[in-house]
Each structure stands twice: as C-alpha cells, then as structure tokens.
Trainee: 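One structure coming up, written as structure tokens, with questions to follow.
All values below were derived from every heavy atom in this structure, side-chain atoms included, with hydrogens, water molecules and symmetry-related copies excluded.
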Amino acid sequence: MTAAMQDPGVVAAALAAASAGQHERAWQLFSEFQQDVAVSAVAARAFAQLLDADPTYPDALIVAERIVGGFGSDPELIIALSAALLRVAELRPADEPPFDKGPAHLAAGACQRAFEQLDGKQRLSPDLGGYLQINLADALRMMGPEHDEDALNAYKLALAIDDKRGAWWFSLGLLHKWRGRFREGLDCNQKAFVRLGPERRVLWNMAICATALGEGKLALEAWEKIGVKGELSSAGMPYVPEMPPLQLRVATLGEETGQSDPLPAKAVTFEVLWVQPLSPCHGVIASTTARRASVDYGDVVLWDGAPVRLNRVTGPEGTRDVPVFPLLWILRPGDERRLRFVGMEKERGAAEQLELGEDVQLVVYDRRSSAAGDAHLFYGKLIIPGAVDLKQVRRALETGLRTKAGLTLAVPQLYELLGDTPQAGKAHQAWGGIERSAEKQGLLPVRR
C-alpha cells in the first residue's frame, strides 16, 4: 500500500477538493493513491465519490474495473461505484447508440454479480438489494433496447423490494418513455409524483407522456406546476402560444441517389432541424432533412425535455443560444410531399425565383459554387402540401424552367407520383447529367 494511504489526510483533501468543485486538484491528489483502489476500500470509495462529482475523468473505466476485481463482493462499494459509472454513462445522449462495452455495461455486470452473491445470504434490504437492482436496471436501460426485458425485470424486482422510492418509479418511467410506452411512462411518473412531490423532472416527464397520449388537460396541469401557462387546443392538445422556434436533432442515413453525401449510405449521423413548438415538448418541423430520416418538414413530433447541446444562432433579433432537443416520437406525419431535386444555375438563387404556387416551397439545403462564381450546383426539396394538385406544380415548374436561362432542375419523384414513367426516366437521366457536369467544373468529386 502506498505511503499516501498511510495518511488519511490525502484522501480527505481529495474529497474536499471535489466537493468544492476543484476537480483537477482532486484528481491530482487521487493519483497519489490510485494504485491502491484494488486493495484498499478507502481508496476505492474515494474514487467512487470523486467520479460521482466529476464523471468526465478519462480513465474511469480502467480504475473502475480494478475496483470491481478487488471488491466485487462488497455490495455497498459496488452500489457507490455503479452509481458513479451511471453518471459517466449519462454523458452520452439517450438518442445516440450506446457503447458496445461502456460504463453502463461495467455497472450492470458488477451489480448483477454482487446481487447474486448477496441473495440468500441476508435479507434483501432496500439499501443493499434494492439499490443493486435499481442500478442494474438503470444500466440496462442505458445499454439499449435489446436489453429492455432484463431492464424491466430489474426495475420490477427493485420495486418489489421497496415501492416507496419515488426516484425508482421515475427511472422506470424513463425506460417506458424512451421505448414509446407512454401510458406506462405516465403511470410511473404519477407514482413518482405522489412520492416525491412536484419535482421538475417528474412534471416534465408527466407532461411529455400526457402529450404523447393526447391528454392535453393533464399535460397542461403539469406544465402549470412548472410555471408554464398554456391552453387547450381544439384537438385537445396542450398549446403554449408565442414560443420561439427551437431545434430538433434527428438521426439520418445516406441517400440512394445523388453523390453530394460524402458519408456511406449506411452511416448514421445527425441533422438539426428547426421546429415551431406548440408546447414545450411538441411541435411542427419547419425545415427539411438533407439525408434520409424518419421525419421531415411538416411532421408533428415529440421531443425529450433535456437538450443534447446548445447552438448559437444569429438572426434578425440578434444572437441567442438555441437548445437542441433529441427526437422522441412522431405524433402525426405531415401531409406534405417532399420531393428531392438537383439543379445547376448560372445565376445564384435563380431556382428560388421560380413561381410554383402560393403554398409550394422550394428549399435548397446544399449549394456549391465554382471558384469563378459562374456555376452553382444545388440540392434541395420541393415541399408540396397534400391538397395541392401535382399537375399544376408540374406545369408551373416546366413553364418556369423554360423562362429561366441557365437553370436546369431534375425532380424525378414529381413525375413518378404523377405516373409519368417516361418523363420520370428522363428526369433521372437529367439528374445524372447535372452531376456529371458538376464533376467537370470541380463542384463534385469525380466518380471512380
């Protein structure tokens, strides 16, 4: 055992520094007794407390694995360590794929083994068996949907040991919410509310689940307890007027046509879309995706209450930090047709001058200009409401293109929806011709 462990003041100083928010200082002091964590319960517990205070420690998994190896049969220590590892796991947003072998996996395995050793040897108290099970359940929830059944069983066992813990009901509610089981999620959060009182996190999740279920009155009651005043829409949904636009993060995949996407077709990435909120947790998507996604312009969607990041946005009203929320659920698909196009123009912005009808939008989301500024490649979508006649859009588009010198545009989907197979084939050929022209002008990488 190191000399530092002979002086309890070193551990005390590290914990005091962490408590004061001096994390760098705390980890510096920890380095003096780090090698003792597998043999000293004092050092191991100190690490768990430090990690709970600062879950960003880069060697968290390495040190935690050593502690599990040395103290895997100590339920109290494993409870403290697994709780800290869950803090590390929470740094990864819930809408991102979980790590293959991350902090949640280590916490789950440690809790499972400690519980199996404890079970049958002594009474399963809430402070031992209950917390091992709830930490196991939370870890399984963070490990992804494929562990759903095991997570549910762990939550049920924890609550069978002690169903008076409001935080445990809240955690089970999180699992149901992220899996789209909003009735069960609402029930769990209502139980948490009875036990915890009007905690903000509980009220948020009650409102989210109630909104997903179309129970606007219940959602408004939860929002009002937080201090958000709203009203009931004619459809029975919560409505909070004059909310500023927010941003939504959605997972997207590569497109099958066009080569503007530098990522492989199966690569998952995220796009940030603008949303016009109807309440603090649901609204209408007001921008379009560039890649293939589960949602698009006009869809009514539900998002989670915890933002994944802030985006600094500058507009007519100045600069502000806009929260970016993760997509949770699609409440109602929009009736719009979103038709992808590619085009080339000599005059930048010529495409946006096309008159396609009062309700039809031409949205460009990717434009590339030549060094000389005399050629512009652009990708985008036509946004056409369901009530608009596609034949009228076709006539307006073709008329506009004939009057715009130097502008070409290919929208194969328009002709496919109209059932005009020959013209759709020509539009696909035009798409390829536009991209080949763009390659020659250096606006796209040359296909191999």
Side-chain angles (χ1 to χ4, degrees), residues 83 86-87 90 93-95 126 130 134 137-138 141-142 155 158-159 162-249 275-285 300-310 320-332:
L86 293 178
R87 291 260 291 138
E90 286 174 344
D95 62 338
I134 200 65
D138 285 343
R141 166 171 57 83
M142 296 180 192
Y155 279 120
L159 289 165
D162 186 358
D163 68 351
K164 297 181 179 63
R165 309 269 180 161
W168 296 5
W169 284 107
F170 173 77
S171 291
L172 176 54
L174 289 180
L175 174 68
H176 287 309
K177 178 189 71 174
W178 276 104
R179 303 296 182 261
R181 297 187 292 264
F182 296 110
R183 178 60 62 190
E184 293 88 342
L186 178 59
D187 179 67
C188 288
N189 278 284
Q190 287 174 323
K191 287 183 169 66
F193 177 79
V194 170
R195 292 158 176 79
L196 297 173
E199 287 193 3
R200 189 178 182 86
R201 58 174 182 165
V202 176
L203 293 169
W204 255 98
N205 282 281
M206 284 178 63
I208 289 172
C209 291
T211 300
L213 294 168
E215 298 189 12
K217 184 174 182 296
L218 186 57
L220 284 175
E221 290 173 355
W223 291 131
E224 287 175 0
K225 288 183 175 67
I226 297 174
V228 178
K229 298 293 184 180
E231 56 195 61
L232 207 59
S233 74
S234 59
M237 293 290 283
Y239 176 64
V240 178
E242 299 181 359
M243 290 195 67
L246 300 177
Q247 290 191 318
L248 179 77
R249 189 170 85 160
V275 179
Q276 182 54 56
L278 300 172
S279 81
C281 69
H282 88 292
V284 183
I285 296 180
V300 180
V301 294
L302 186 78
W303 54 83
D304 193 40
V308 290
R309 69 168 190 261
L310 293 175
R320 65 186 179 108
D321 288 330
V322 178
V324 179
F325 293 96
L327 173 67
L328 197 56
W329 207 251
I330 305 171
L331 298 181
R332 187 179 72 250

Trainee: Which residues pass the side chain to side chain donor-acceptor pair (under 3.5 Å) test with Arg87, sequence neighbours left out?
Mentor: none
Trainee: Considering all heavy atoms of both residues, which atom of Pro307 and which atom of Pro326 are nearest to each other, and what is their separation?
Mentor: CA-CD, 4.5 Å
Trainee: Residues in side chain to side chain donor-acceptor pair (under 3.5 Å) with Arg179, at least two apart?
Mentor: Asp148
Trainee: Who are the side-chain contact (heavy atoms from CB on, under 4.5 Å) partners of Pro198, not counting sequence neighbours?
Mentor: Phe193, Leu203
Trainee: Please enumerate all residues that pass salt bridge (Lys or Arg N to Asp or Glu O under 4.0 Å) together with Arg165, with sequence neighbours excluded.
Mentor: Asp127, Asp162
Trainee: With side chain to side chain contact (heavy atoms under 4.5 Å, CB included) as the criterion, how do Leu174 and Arg141 come out once you've worked through the C-alpha distance, each side chain's angles and the decisive distance to 0.1 Å?
Mentor: CA-CA 9 Å; Leu174 289 180; Arg141 166 171 57 83; 4.0 Å; yes
Trainee: Apply side-chain contact (heavy atoms from CB on, under 4.5 Å) to Leu302 and list each qualifying residue two or more places apart in sequence or on a separate chain.
Mentor: Phe182, Ile208, Thr211, Ala212, Cys281, His282, Leu328, Trp329, Leu331
Trainee: Hey, can you pull the donor-acceptor pairs under 3.5 Å for the side chains in residues 217-228, sequence neighbours left out?
Mentor:
unit_1: Lys217; atom_1: NZ; unit_2: Glu221; atom_2: OE2; d: 2.8

Trainee: So, do Val301 and Ile285 sit near enough that their side-chain heavy atoms are less than 4.5 Å apart?
Mentor: yes
Trainee: Go through it in stages, so that I can follow the logic: the residues are Trp169 and Val202, the test is side chain to side chain contact (heavy atoms under 4.5 Å, CB included), and I'd like the CA-CA distance, side-chain angles, deciding distance and then a yes or no.
Mentor: CA-CA 10 Å; Trp169 284 107; Val202 176; over 6 Å; no
Trainee: Do Phe325 and Val308 have side chains that approach each other closer than 4.5 Å (heavy atoms only, starting at C-beta)?
Mentor: no
Trainee: Hey, could you give me the CD1/CG distance between Ile134 and Leu159, rounded to the nearest 0.5 Å?
Mentor: 6.0 Å
Trainee: Who passes side chain to side chain donor-acceptor pair (under 3.5 Å) against Asp187, sequence neighbours left out?
Mentor: Lys191
Trainee: Just wondering, more than 12 heavy atoms not from Arg332 lying within 6.0 Å of its CZ?
Mentor: no
Trainee: With rounding to the nearest 0.5 angstrom, report the CG to OH distance, Leu175 to Tyr155.
Mentor: 5.5 Å
Trainee: At what distance, to the nearest 0.5 angstrom, does CE of Met243 lie from OG of Ser279?
Mentor: 7.0 Å
Trainee: Would you find a donor on one side and an acceptor on the other, under 3.5 Å apart, between the side chain of Arg195 and the backbone of Asp163?
Mentor: yes
Trainee: Return the set of residues passing salt bridge (Lys or Arg N to Asp or Glu O under 4.0 Å) with Glu199 (not counting sequence neighbours), or none when no residue passes.
Mentor: Arg201
Trainee: Quick one: side-chain contact (heavy atoms from CB on, under 4.5 Å) partners of Arg183, sequence neighbours excluded?
Mentor: Leu186, Leu213, Glu215
Trainee: Just jot down the side chain to side chain donor-acceptor pair (under 3.5 Å) partners of Gln247, sequence neighbours excluded, or say none.
Mentor: Asn311
Trainee: Can you check whether His176 reaches Leu172 side chain to side chain, under 4.5 Å on heavy atoms?
Mentor: yes
Trainee: One pair to check against side chain to side chain contact (heavy atoms under 4.5 Å, CB included): Val275 and Trp303. What are the steps and the verdict?
Mentor: CA-CA 10 Å; Val275 179; Trp303 54 83; 3.4 Å; yes
Trainee: Not counting sequence neighbours, which residues clear side-chain contact (heavy atoms from CB on, under 4.5 Å) with Glu231? List them please.
Mentor: Tyr239, Pro241
